Amino acid sequence: MNFFRDRDANSNVFDDPKNDPTAPSPTTSPRKKQKYESQPPSSTGSADDAALASLRKRMAGPSSAKAGLAKDQDEINRIIYEVSKGSKFFENERKKDAQTTERINALLVRRDQKLLQVPRGSAEWLAIERKIEDMATRLENSRDLSRTILHTDIDMFYAAVELARDPSLKGKCFGVGSGVLVTASYEARRGYGVRSGMAVFVAKALCPHLIVVKNDMQSYVQASQKVMAVFEQYDENLAKASLDEAYLDITDYVEQHGGSIDQVVQQLREQVRSETQLTVSVGIAPNTMLAKISSDRNKPDGQFRVQPDRKAIVDFMRDLPCRKIPGIGRVNERILESLGVSTCGEIWNKRVDLWLAFDGKIEWLIKAHLGIGNTIVEPSKREERKSVGREHTFSPTADTQALLDLLKESAQRVEQDLERLDFKGKTVTLVAKRDNYQRFSRARTSTRLVHRAEELYDITSSLLLQEIEREGALSLRLIGVRVTQLVDLRGAAAGEERLRKLFQSKPVAEGEEGATAKTTLRRTARELREEEERQLALAIKQSLEGSADPFTEVPDLSQDDVAVRSRSQTPIAARMTLQSDRNSDMPTAITPRQDPPSEEEGAVQCPVCDRTVHGSNDRLNAHIDACLNQSALNTSPSDPAEAGPSQRGDRPDASAKRKRGPLDLFVRRGK
DNA sequence: GCGGATCAC
DNA sequence: TATGGTGATCCGC
C-alpha cells in the first residue's frame with residue numbers, strides 16, 4: 001500500500017511543526033532550516049516520539065477515520081509500520097514527502113514575501129479582493145442548477161462480485177488482488193484494518209488467515225455490463241468513469257416518467273439490486289462534482305441529494321474538507337493546510353493569501369468553494385485520446401540485455417494497442433523506475449508517424465542506452481513505452497475524408513437526392529461501428545487471455561475497491577461480454593481486423609486515401625503524413641448529426657460540447 | 001518540446 | 001522477500 005495516500009490523516013512525521021495551520025503564521029520563513037535531511041527523526045528526542053506516532057497514523061491509510069473500523073487502530077498502525085519500515089518503497093515515499101514539505105516551505109516564503117509588498121488592508125490588498133469578487137460573481141452567473149446529475153458507485157465492487165461467485169466467502173476475511181489488494185471484505189477491514197491498496201504481505205501480517213482471491217477481470221466486466229445496462233435505461237448518454245462508477249443526467253428521464261427525483265433514484269437502485277444482486281450508492285446534485293462527493297455520503301447502499309439551490313450548495317461546501325474535491329489529492333491537501341485552509345469554506349476566508357501563494361491562479365479553488373462544477377454528462381470519445389502506453393514492473397535488474405528485452409515486449413504491446421485503436425504518434429517516451437522507486441522518462445519526437453514495435457523499440461532502446469552511458473549501470477524495477485502526439489487514423493480527419501471518398505465513388509441514384517445517399521451513409525456508418533465493436537471485443541479478449549505472460553492485464557487500484565477501469569476509455573468491457581454471452585465460441589465470433597499490406601512489400605495501400613503507394617518506408621510514411629495533413633485541413637466543424645430525442649442540446653453550453661460523429665459532415669450536406 | 005509531479009481510478 | 005498500470009494535466013524550463 002501507499003502509506004502516504006491517506007485521505008484522512010492530517011499530520012505527518014516530516015511536517016514541520018510550524019506548518020501547523022493552527023499555529024500562528026509567521027511573516028518570515030525560517031522553515032528552510034527544518035528540512036527533513038537536516039533533522040532525521042532518529043536524531044531527535046521527544047519530537048521523535050511524536051513523529052513516530054504521526055507516521056504510524058499516516059500509514060493507517062484512507063479508511064482510518066471512517067466509522068466502524070478496527071477498534072485498535074494504533075496497534076494496526078504499529079504492525080504496518082514494523083513490516084514496512086526500511087523498505088525501499090517506504091524510503092522513497094518518505095523522500096517524496098520531504099520534498100512536498102520543501103515545496104510548501106518555498107510556497108510560504110513566496111507568500112510571505114508578497115505579503116510584505118501587499119500588506120493586509122492596503123490598497124493593493126483591496127484590489128486583489130476586488131478581483132476575486134469579480135471572479136466569484138462571474139462564476140456565480142454561470143451557475144447552472146437545471147440539471148439533475150447522478151454519480152453512481154457500486155459498493156465494494158470487486159468483493160461483491162467475488163462473493164457472488166463464491167458464497168462460501170460470506171462472513172470471512174478476504175481480499176482481492178495479487179501483490180496488492182484491490183479490495184477487502186468488510187470483515188477484514190473492520191476486524192483487522194486490511195484495506196484496498198495494501199500490499200498482500202502487509203495485509204497478511206495484520207490478518208494471518210486472510211483469504212486472498214485472485215482478481216478475475218472477466219467477472220467484473222460482466223457484472224459491470226449488467227449494471228450499466230440498467231443505468232442506460234435512465235440515461236443512454238451516460239459517462240462511464242470506470243467499471244463501477246458512472247455519471248448520469250436524469251433530467252429528461254424524470255421529466256418524461258414523472259415521480260420525484262429521489263423516487264427515481266430509489267427505483268434505479270432497486271432495479272440494480274434485483275437484476276444484479278449488487279448495491280449502488282448514488283449522489284444526486286446539479287453538477288458532477290457535487291454528485292461525486294455526494295455518492296460517498298450514504299455509502300453503502302444509500303443515496304444523498306444536494307438540492308439545486310445556491311444556499312444549500314454553499315452550506316454543503318462550507319465544512320467539506322478540501323480533500324474531498326476531485327483533483328485535490330494529498331499534496332494539494334497539505335499545501336492548502338499549510339495556508340490555513342482545510343475546508344472549502346475556509347477558501348474564502350483565505351482568498352487573498354491563496355491568491356498571493358498561487359499567483360492569482362485560484363479559480364479552481366473559488367469554484368470548489370462555490371460548489372460550481374461540470375453540468376454536462378457525455379461519454380468520453382475515443383478520438384480524444386492523448387496517449388497510448390504500456391509499462392511493466394519486474395524484480396529489479398541492471399542487466400542491460402534483460403532491460404532491452406523487457407522494453408521490446410512493451411514496444412510490441414504498444415504496437416498492438418496502436419494498431420487496434422487506429423492511432424499513430426509522433427512522440428515516443430521511455431518510462432522507467434529505478435530500484436529505489438524513483439521514476440523518470442526520456443522522450444524523442446519524430447518527424448514521422450510511428451506505430452511499429454520496431455520503431456518504438458529503436459527509439460526507446462537508444463534512449464535507454466544513452467541513459468546508461470550517461471550515468472552508468474541502471475538498476476530498474478519498471479520499464480515501459482508511451483506514445484503521444486497521436487494522429488487518429490479513424491476519427492474526424494481521416495475517417496471523414498475516407499468516407500467522403502467512398503461516398504463520392506458511389507454516386508447517388510438519379511433523381512433521388514438525399515434519400516439514397518443517406519441510407520448509403522447510414523449503412524456505411526453502421527458497418528464502421530460494427531467493425532469498431534469487433535475491434536473492441538478483440539481487445540478485451542486479448543487482455544483477458546493474457547494471464548500467463550508477464551504483461552497480464554492488471555486492474556486498477558485505488559482508494560477504495562473501485563478503480564476498475566477498462567484500459568481503454570471506451571466502454572469496451574460491456575460490449576465484449578455481450579459478444580461472449582451470445583457466442584460460446586468467441587474466437588470465431590470475433591473477427592480480427594484484416595492486416596493491412598505490409599509496409600515492407602514496397603507497395604502498400606494508404607490507410608487514408610486508399611491509393612496504392614510505391615517506394616521506401618520513408619516515402620510511404622511521408623505520403624501518409626501528407627494525406628493526413630490534407631484531410632485534417634479539409635475537415636471543418638459541423639453541426640450535430642441527428643438531433644436526438646434529448647433536449648440537452650438546447651442548452652447553450654451543452655451544444656457547444658455536443659458529440660460530433662464522423663458522419664456529421666455528410667448528414668449536413670444531405671439536408 | 002521535455003521531464004517531473006500530481007491526480008484519478 | 002515483498003508495494004500496480006494507464007492516462008491526463010499542469011508547471012517550469
Side-chain angles (χ1 to χ4, degrees), chain A residues 1-5 7 59 61 80 83-84 86-93 96 99-100 103 153 157-158 177-183 195-205 215 217 240-246 292 323 325-335 358-359 361 364 380 384-396 410 413-414 417 421 426-433 435 437-446 463 467 477-486 543 551-569:
Chain A
M1 69 169 282
N2 183 339
F3 312 113
F4 297 91
R5 209 181 267 173
R7 292 182 76 99
M59 286 159 56
I80 297 174
V83 300
S84 304
S87 72
K88 285 181 171 171
F89 175 82
F90 182 78
E91 290 307 314
N92 182 251
E93 291 300 309
K96 284 199 292 191
Q99 205 176 312
T100 301
R103 189 176 152 190
D153 191 337
F157 182 52
Y158 274 37
S178 47
V180 172
L181 293 182
V182 186
T183 189
R195 279 177 301 275
S196 59
M198 188 177 269
V200 169
F201 78 93
V202 176
K204 288 221 167 173
N215 37 316
M217 282 307 289
K240 302 175 186 179
S242 65
L243 282 189
D244 82 323
E245 281 185 40
K292 168 87 171 117
R323 186 63 166 85
I325 302 296
I328 297 184
R330 64 185 172 83
V331 172
N332 280 320
E333 178 190 35
R334 276 194 59 192
I335 289 174
F358 292 124
D359 206 21
K361 282 169 274 195
W364 60 290
S380 62
E384 285 171 1
R385 180 185 271 260
K386 302 279 187 298
S387 73
V388 173
R390 287 280 188 169
E391 59 191 49
H392 180 62
T393 296
F394 41 86
S395 43
S410 286
R413 286 278 175 152
V414 172
D417 292 344
L421 298 162
K426 292 203 181 105
T427 301
V428 182
T429 305
L430 163 77
V431 298
K433 199 193 284 181
D435 61 6
Y437 291 87
Q438 195 175 40
R439 283 189 80 113
F440 70 91
S441 66
R442 297 290 178 263
R444 185 174 297 165
T445 299
S446 163
L463 289 168
E467 202 60 23
R477 72 183 332 275
L478 171 146
I479 208 159
V481 176
R482 177 158 297 274
V483 176
T484 51
Q485 298 255 89
L486 297 182
S543 78
F551 281 83
T552 302
E553 208 67 33
V554 177
D556 298 334
L557 291 182
S558 80
Q559 308 300 328
D560 211 323
D561 40 282
V562 218
V564 201
R565 179 185 45 175
S566 61
R567 244 188 337 91
S568 159
Q569 290 293 81

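Source: prediction; values computed, not measured.
- Atom CH2 in A:Trp364 sits roughly 13 Å away from atom C1' in C:dC11 (whole-Å rounding).
- Straight-line distance from the CZ atom of A:Phe90 to the P atom of C:dT1: 17 Å, rounded to whole Å.
- Atom P of nucleotide C:dT6 and atom CG of A:Leu421 are separated by 13 Å, given to the nearest angstrom.
- A:Glu93 and A:Lys96 are joined by a salt bridge, as a carboxylate oxygen and a charged side-chain nitrogen come within less than 4.0 angstrom of each other.
- The phosphate of C:dG4 (OP1 or OP2) has a side-chain N or O of A:Arg477 nearer than 4.0 angstrom.
- Of the residues near DNA chain C, A:Phe201 and A:Lys361, the one whose nearest nucleotide (by heavy atom distance) lies more toward the 5' end is A:Phe201.
- Rounded to whole Å, the distance from CD1 on A:Ile335 to P on C:dC10 is 16 Å.
- Considering only residues two or more places apart in sequence or on other chains, A:Thr445 meets the side chain to side chain donor-acceptor pair (under 3.5 Å) condition with A:Thr427.
- Counting to the nearest Å, the P atom of C:dT9 and the CZ atom of A:Arg385 are 13 Å from each other.
- Taking atom CG of residue A:Leu486 and atom C1' of nucleotide C:dG7, one finds them 11 Å apart after rounding to whole Å.
- Between C:dG5 and A:His392, a contact under 4.0 Å exists linking OP1 or OP2 to a side-chain N or O.
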Write down the protein N/O and nucleotide N/O pairs, taken from nucleotides 1-3 of chain B, whose separation is under 3.5 Å; answer none if there are no such pairs.
| unit_1 | atom_1 | unit_2 | atom_2 | d |
| --- | --- | --- | --- | --- |
| B:dG1 | OP2 | A:Gln485 | NE2 | 2.6 |
| B:dC2 | OP1 | A:Thr445 | N | 2.9 |
| B:dC2 | OP1 | A:Thr445 | OG1 | 3.0 |
| B:dC2 | OP2 | A:Thr445 | OG1 | 2.7 |
| B:dG3 | OP2 | A:Ala443 | N | 2.5 |

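- In the set C:dG7, B:dC9, C:dT3, the nucleotide with an atom closest to the side chain of A:Arg482 is C:dG7.
- Residues forming a ring-ring contact (aromatic ring centres under 6.0 Å, His included) with A:Tyr437 (at least two apart in sequence, or on another chain): A:Phe89.
- Across all non-hydrogen atoms, the minimal contact from A:Val182 to A:Gly177 is CG2-CA, 4.0 Å.
- Closest to the A:Thr393 side chain, of the nucleotides C:dT6, C:dG4, C:dT3, is C:dG4.
- Going from the C1' atom of B:dC7 to that of C:dG4 covers 15 Å, rounded to whole Å.
- In this structure A:Asp435 satisfies the side chain to side chain donor-acceptor pair (under 3.5 Å) test together with A:Ser475, sequence neighbours excluded.
- Nearest heavy atoms, A:Val202 versus A:Ser84: CG2-OG, 4.2 Å.
- Counting distance only, with no hydrogens placed and no angle test, the side-chain atoms of A:Ser84 and the base atoms of C:dT3 include a donor-acceptor pair under 3.5 Å.
- With C:dT3, C:dG7, C:dG5 as the candidates, the nucleotide lying closest to the side chain of A:Tyr437 is C:dT3.
- Residue A:Lys204 contributes atom NZ, which lies 16 Å from atom C1' of C:dT3 at whole-angstrom precision.
- Separating the CD atom of A:Glu93 from the P atom of C:dA2 is a distance of 16 Å, rounded to the nearest angstrom.
- Each of A:Ser387 and A:Lys433 lies near DNA chain C, and the nucleotide nearest A:Lys433 is the one positioned closer to the 5' end.
- Nucleic acid contact for A:Val200: none, since no nucleic acid atom lies under 4.0 Å from a heavy atom of the residue.
- Residue A:Lys386 has its side chain nearest to C:dT9 when only C:dG5, B:dC9, C:dT9 are considered.
- The side chain to side chain contact (heavy atoms under 4.5 Å, CB included) check on A:Ser178 picks up A:Asn215, with sequence neighbours excluded.
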Scan nucleotides 5-7 of chain B against the protein and return all N/O pairs shorter than 3.5 Å with their distances rounded to 0.1 Å.
| unit_1 | atom_1 | unit_2 | atom_2 | d |
| --- | --- | --- | --- | --- |
| B:dA5 | OP1 | A:Gln99 | NE2 | 2.7 |
| B:dT6 | OP1 | A:Arg103 | NH1 | 3.2 |
| B:dC7 | OP1 | A:Gly329 | N | 3.0 |
| B:dC7 | OP1 | A:Val331 | N | 3.4 |
| B:dC7 | OP1 | A:Asn332 | N | 2.9 |
| B:dC7 | OP1 | A:Asn332 | ND2 | 3.3 |
| B:dC7 | OP2 | A:Val331 | N | 3.2 |

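- Among the atoms of the strands shown, only primed sugar atoms or phosphate atoms (P, OP1, OP2) are found under 4.0 Å from some heavy atom of A:Lys292.
- By the salt bridge (Lys or Arg N to Asp or Glu O under 4.0 Å) test, A:Arg477 pairs with no residue at all, sequence neighbours left out.
- Partners of A:Glu467 under the side chain to side chain donor-acceptor pair (under 3.5 Å) rule, at least two apart in sequence or in another chain, are A:Arg442.
- Residues meeting the salt bridge (Lys or Arg N to Asp or Glu O under 4.0 Å) test with A:Arg439, sequence neighbours left out: A:Glu391.
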